[in-house]
Amino acid sequence: MNRDPRDIEADVRTLVDALTASSDPAAFQALLGLSQYLGECLGRSARTLAESRSWGDVAGVAGTTKQAAWSRWHH
């Protein structure tokens, strides 16, 4: 990844805000799909971080316990 994660986050927030402000039902449908996709991405990201670091690091970033992080995202 060439870009700073904070810059990517800002871009994503801008785009999600645009969908949120829309009265088009397709925008709401897009947000629903993104919600599911983001949940799947969180799991993949947590497992990637745990593989390169530890479940303790995942828990620290997520603000939870190691056991809770592992239980939520290890599959």
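T20 pairs by the side-chain contact (heavy atoms from CB on, under 4.5 Å) definition with V16, L31, not counting sequence neighbours. Among residues two or more places apart in sequence or in another chain, the side-chain hydrogen bond (donor to acceptor under 3.5 Å, both in side chains) test is passed with Q67 by none.
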Review item, side-chain donor-acceptor pairs of residues 68-75, under 3.5 Å, at least two apart:
unit_1	atom_1	unit_2	atom_2	d
H74	ND1	W70	O	2.8

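Inter-residue side-chain proximity for L34 and L19 is flagged as met; some heavy-atom pair is nearer than 4.5 Å.
Every pair passing side-chain hydrogen bond (donor to acceptor under 3.5 Å, both in side chains) that includes a residue from residues 26-50 is listed here, sequence neighbours excluded: Q36-E40. The side-chain hydrogen bond (donor to acceptor under 3.5 Å, both in side chains) analysis of residues 49-60, with sequence neighbours excluded, yields no pairs. Identified under the salt bridge (Lys or Arg N to Asp or Glu O under 4.0 Å) test for residues 6-16, with sequence neighbours left out: R3-D11, D4-R6, E9-R13.
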